[in-house]
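Written out below as structure tokens is the structure these notes cover.
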Amino acid sequence: MEGMQEKPQESSSFAPGSEEPTDSGRGSEVLPPEESEGCARPLETTPKKLCGYLSKFGGKGPIRGWKSRWFFYDENKCHLYYSRTAQDANPLDSIDLSSAVFDCKADAEEGTFEIKTPGRIITLKATTKQVMLYWLQQLQMKRWEFHNSPPAPSATLDAALAGNGPTLRLELEQEEAELEEFLCPVKTPTGLVGVAAALQPAPAMPLALQNISLKHLGTEIQNTMYNIRGNKQSQGTGHRPPGEDSPLIGEPQREEQPSPPDPSAPGKGPADSLKPTLKSSLTANLIQKAKRQNNTFPLFAEGLTRNRTAQEKALALEQQVLMLTKELKSQKELVRILHKALEAAQQEKRASSAYLAAAEDKDRLELVRHKVRQIAELSRRVEALEQEREILTQTASLLERQVQELQQHVQLLMEKNQAKQQVICMLSEKVTQDFLHPPNQPPEPSDAADRDFLSQQEKMEHLKDDIEAYRTQNHFLNSEIHQVTKIWRRVAEKEKALLMKCAYLQAKNCQVESKYLAGLRRLQEAVGNEASECSELLRQLIQEALQWEASDASADGVELSPISEYDEYGFLTVPNYEVEDLKLLAKIQALEVRSHHLLAHEAVERPLRDRWAALGELTPSVELKQLLRAGVSCEHRPRVWRWLVHLRVQHLQAPGRYQELLSRGQACKHPAARQIELDLNRTFPNNKHFTCPTSSFPDKLRRVLLAFSWQNPSIGYCQGLNRLAAIALLVLDEEESAFWCLVAIVETIMPADYYSKTLTASQVDQRVLQDLLSEKLPRLMAHLGQHRVDLSFITFNWFLVVFADSLISNILLQVWDAFLYEGTKVLFRYALAIFKYNEEEILRLQDSLEIYQYLRFFTKTICNSGKLRNIAFNDMNPFPMKQLQQLRTVHRERLEAELRELEQFKAEYLETRASLDPVVPEGCTSEDEGEA
């Protein structure tokens with residue numbers, strides 16, 4: 001009962017007919033309509049109050065039935081409150097309209113409609129059909145106004161409405177115009193809704209007990225006692241002079257005392273709330289006098305219209321001054337908050353300067369701990385946004401289910417309406433035929449014929465009424481579906497904006513943590529192996545950072561675009577470094593991968609998927625080239641790759657060719673079968689499809705490689721082909737498609753002799769790459785030449801397997817997207833881009849062993865695919881194909897000359913050895929002598 005008493009007291013300030021209060025402790029907002037010219041808001045912009053008597057179906061047992069209730073709408077909360085009479089102080093309950101839908105049934109009793117909320121269904125009945133349509137249209141508009149009006153604090157509600165009034169009115173006018181397309185606006189029923197309805201007596205019920213709410217019995221008793229005390233006070237003060245105020249002994253405390261100040265409102269402390277209380281005491285007395293003079297509803301002020309005084313007008317001006325004063329205080333508070341933000345930024349700047357100027361490691365570690373605290377604060381903010389996102393997701397799902405239910409209901413109504421129209425047409429045709437061609441039967445008496453005609457005419461009138469009712473219902477449901485759909489879209493847009501904001505904050509959090517770990521790594525390198533207190537503390541911090549996982553921090557929240565251990569194709573998202581010293585680097589890379597994924601998910605991947613979905617049939621074009629360079633989305637990649645492969649090998653493909661090669665391999669064992677078996681277990685150890693014992697991919701890969709060894713006997717099998725075929729299998733998933741993809745790469749894209757025993761073309765490309773590096777990155781090549789670093793040890797495998805072992809999976813597949821369309825030129829572009837991407841890091845290394853160790857894994861640290869792609873296709877320009885062909889021709893001639901010279905040296909050596917007789921050194925026995 002205590003909870004039931006608190007809720008009505010809180011909601012009683014939203015009684016119908018009262019002006020929206022700017023302070024719950026003041027009643028001076030209730031002014032007569034004639035005095036509105038002195039207020040800040042003109043009379044014509046004052047919103048109409050939605051209130052009136054409706055019948056509500058409810059109750060249990062014998063008293064179940066229709067109960068008369070007084071309904072009034074709260075503008076601030078979008079709630080529809082109801083009480084037994086307009087004079088009750090406390091409402092019985094409320095209906096949340098923010099997530100409700102409205103429905104009216106044509107076959108129900110006249111004036112009946114429903115309000116469906118996620119928790120319950122409320123059945124209401126108006127006195128007439130016009131009143132019902134008025135309530136439904138007004139409730140629709142109030143719901144739309146609530147969803148489109150920006151939230152404003154209660155203390156500055158009028159100022160906010162005054163500032164945003166034109167925009168809000170424009171949106172409401174547009175919505176009204178759209179709703180008029182479905183249902184014509186209903187005129188306001190005079191005396192049945194609004195403030196005038198409170199002056200009318202409550203509708204009489206057959207039994208007095210039937211109208212009492214036993215569910216809210218405590219509230220009923222409170223309202224009854226309040227009305228009794230009000231009547232006694234009005235009788236006791238009836239003989240006093242009009243200008244004398246009587247003591248308000250019997251009034252409830254909530255009418256005498258101001259409510260406590262809102263702590264959330266800026267600038268409203270206890271001291272601020274005293275002045276409005278003192279200045280509004282006279283207004284409160286005037287309101288109490290008005291209640292005693294006009295006892296229709298506690299917060300109506302029609303009684304004040306009879307005695308307009310200059311004092312009341314001055315009071316209205318004081319109200320306006322108070323409102324402007326509060327607005328000024330809120331603006332001052334905003335300025336104070338901005339000053340605090342500026343001070344925080346200056347402190348951050350000073351902290352960064354202190355970190356750079358710190359001479360000892362202890363000072364730097366203290367600054368690092370400060371950054372850790374900032375990271376924790378950001379994590380808390382992210383959790384709060386995730387909780388808000390959950391609430392919006394639930395609201396959107398509820399609205400979506402409601403829209404689906406309404407659509408099904410409308411479909412049933414349309415079918416039923418169509419069936420009734422067919423029946424009406426059939427009856428009309430039958431009546432017309434009976435009049436035009438009466439049946440050959442003896443004439444009936446005129447009275448019987450008249451009765452039959454009247455009954456038919458009455459049926460037709462009923463059917464017409466039904467058609468009109470269903471047409472009205474159909475129009476209303478169309479308008480309801482239209483508005484609910486717009487609200488759902490608005491909620492979806494808000495949810496999307498919150499998701500993007502949350503993803504951005506998570507990405508920033510990952511970036512801050514990554515910088516923190518990078519700082520720890522550099523401190524570790526600076527400290528080295530020195531045994532000191534700082535080094536021990538540093539090791540402890542690194543150990544904690546390695547053990548901490550992002551999933552632990554957000555265990556209670558919802559992951560946005562979660563990064564799983566494996567990607568869509570089974571590759572490890574972050575490589576598993578075997579070296580113990582590189583675990584911190586792996587952690588930093590994991591954070592960078594997550595950060596780039598969060599930032600690119602909505603901003604890059606979604607528009608790219610939409611562009612691929614809208615592309616339609618694939619044809620070679622500049623647009624397709626740009627799209628392939630940007631990368632193909634996962635759902636479209638198999639289709640695009642099949643088209644690219646077919647474009648390359650359509651002159652080689654023949655129906656049944658793959659099955660023929662497989663049958664040949666079963667009949668005769670190929671010499672390369674043993675090497676293929678050895679390489680199967682070494683194919684992509686970081687991919688779960690090739691390491692799982694129950695996976696079917698190794699068997700598929702074996703068949704593809706054996707079929708290719710029979711397809712191209714000059715090559716048979718070369719180490720590296722297993723990785724090319726494995727990538728094709730992971731994307732295309734079909735053996736035959738993967739086989740033809742391998743054929744396209746080896747026989748049409750790559751130059752001849754690329755996978756031969758001598759690997760001539762592969763060696764040529766390495767020399768071409770050296771020339772291009774010297775041209776595009778002269779500083780880097782000079783640095784590597786100074787330390788005698790041969791890049792071919794690193795880059796030879798890049799070209800042989802098209803970066804299959806080097807790049808992380810998402811960047812690797814983007815390279816393949818462009819490679820299958822443009823050819824080997826893409827390999828040179830990306831090879832140059834990789835070195836450009838890490839040029840500064842390599843230049844910092846001053847030892848050849850350290851450089852080789854870094855070059856072994858540095859490609860796996862590249863996470864920003866957009867940056868790498870921009871370097872490859874923009875920064876490396878100009879990159880003409882003619883230059884590449886010329887360099888290949890020159891280096892091929894040189895290599896072939898070197899090979900011929902090597903063969904000549906080999907032949908001369910063998911000839912020299914053959915011309916010499918074998919000589920047995922002294923003291924040694926020949927094999928023949930030993931046997932004897």
Side-chain angles (χ1 to χ4, degrees), residues 73-80 94-102 115-121 139-154 157 160 164 167-168 171-172 174-175 264 377-407 480-510 550-551 553-563 594-595 597-607 609-610:
Y73 176 73
D74 175 12
E75 302 279 351
N76 296 329
K77 297 183 179 179
C78 195
H79 278 219
L80 188 65
S94 65
I95 305 170
D96 185 6
L97 300 182
S98 60
S99 57
V101 294
F102 313 115
I115 301 178
K116 298 180 180 180
T117 65
R120 56 177 177 161
I121 299 177
L139 291 176
Q140 279 186 333
M141 293 305 302
K142 297 296 184 183
R143 180 183 60 189
W144 178 256
E145 180 181 352
F146 175 78
H147 280 284
N148 286 272
S149 60
S154 59
L157 183 60
N164 299 323
T167 305
L168 183 59
E171 292 182 357
L172 292 177
Q174 293 175 353
E175 178 64 16
S264 63
E377 180 64 25
L378 281 174
S379 301
R380 288 194 292 270
R381 290 174 59 191
V382 168
E383 290 176 3
L385 285 173
E386 287 175 349
Q387 292 176 359
E388 188 176 355
R389 182 249 181 195
E390 285 182 0
I391 296 172
L392 287 175
T393 303
Q394 294 174 0
T395 306
S397 61
L398 289 174
L399 288 175
E400 188 173 359
R401 286 199 297 270
Q402 292 167 4
V403 169
Q404 291 176 357
E405 292 176 0
L406 282 175
Q407 289 176 348
E480 179 70 8
I481 292 172
H482 171 74
Q483 192 181 82
V484 169
T485 303
K486 291 182 68 175
I487 292 174
W488 177 81
R489 288 176 181 171
R490 185 68 62 89
V491 171
E493 291 175 359
K494 291 181 180 178
E495 180 186 6
K496 181 180 178 182
L498 279 176
L499 284 174
M500 293 184 67
K501 184 178 180 181
C502 193
Y504 176 77
L505 287 176
Q506 281 192 355
K508 287 295 182 183
N509 190 18
C510 291
S551 58
S554 59
D556 299 333
V558 178
E559 283 282 333
L560 289 175
S561 305
I563 303 293
R594 177 169 178 78
S595 174
H597 180 79
L598 288 169
L599 291 176
H601 182 68
E602 293 292 335
V604 178
E605 293 181 9
R606 189 183 296 275
R609 285 199 301 268
D610 296 340

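Side-chain atoms are counted along with the backbone in the values below, which use heavy atoms only and exclude waters and symmetry mates.
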Consider side-chain contact (heavy atoms from CB on, under 4.5 Å). Of V101, I487, V484, L398, which one does V403 pass it with?
V484
What's the spacing between Q394 CD and R389 CZ if we round to 0.5 Å?
10.5 Å
Working to the nearest 0.5 Å, report the span between CZ of R120 and OG1 of T117.
6.0 Å
Give the C-alpha distance, both sets of side-chain angles, the deciding distance and a yes or no for side chain to side chain contact (heavy atoms under 4.5 Å, CB included) between F146 and K77.
CA-CA 8 Å; F146 175 78; K77 297 183 179 179; 6.0 Å; no
How far does CH2 of W488 sit from CD of Q402, to the nearest 0.5 angstrom?
13.0 Å
With rounding to the nearest 0.5 angstrom, report the OG1 to CD distance, T485 to E400.
10.5 Å
Let me confirm one number: the NZ-OG distance from K116 to S99, rounded to the nearest 0.5 Å.
14.0 Å
Within this structure, what is the OG1-CD distance for the pair T393 and E386, rounded to the nearest 0.5 Å?
11.0 Å
Tell me whether E480 is salt-bridged to R143, with the criterion being a basic N under 4.0 Å from an acidic carboxylate O.
yes
So do the side chains of L97 and Y73 get within less than 4.5 Å of each other, counting heavy atoms only?
yes
Charged N to carboxylate O below 4.0 Å: is that the case for E377 and R380?
yes
Take I115 and I121, measure what side chain to side chain contact (heavy atoms under 4.5 Å, CB included) needs, and give me the verdict at the end.
CA-CA 6 Å; I115 301 178; I121 299 177; over 6 Å; no
Given side chains that start at C-beta, do those of E75 and K142 come closer than 4.5 Å, heavy atoms only?
yes
Is any side-chain heavy atom of S98 closer than 4.5 Å to a side-chain heavy atom of H79?
no
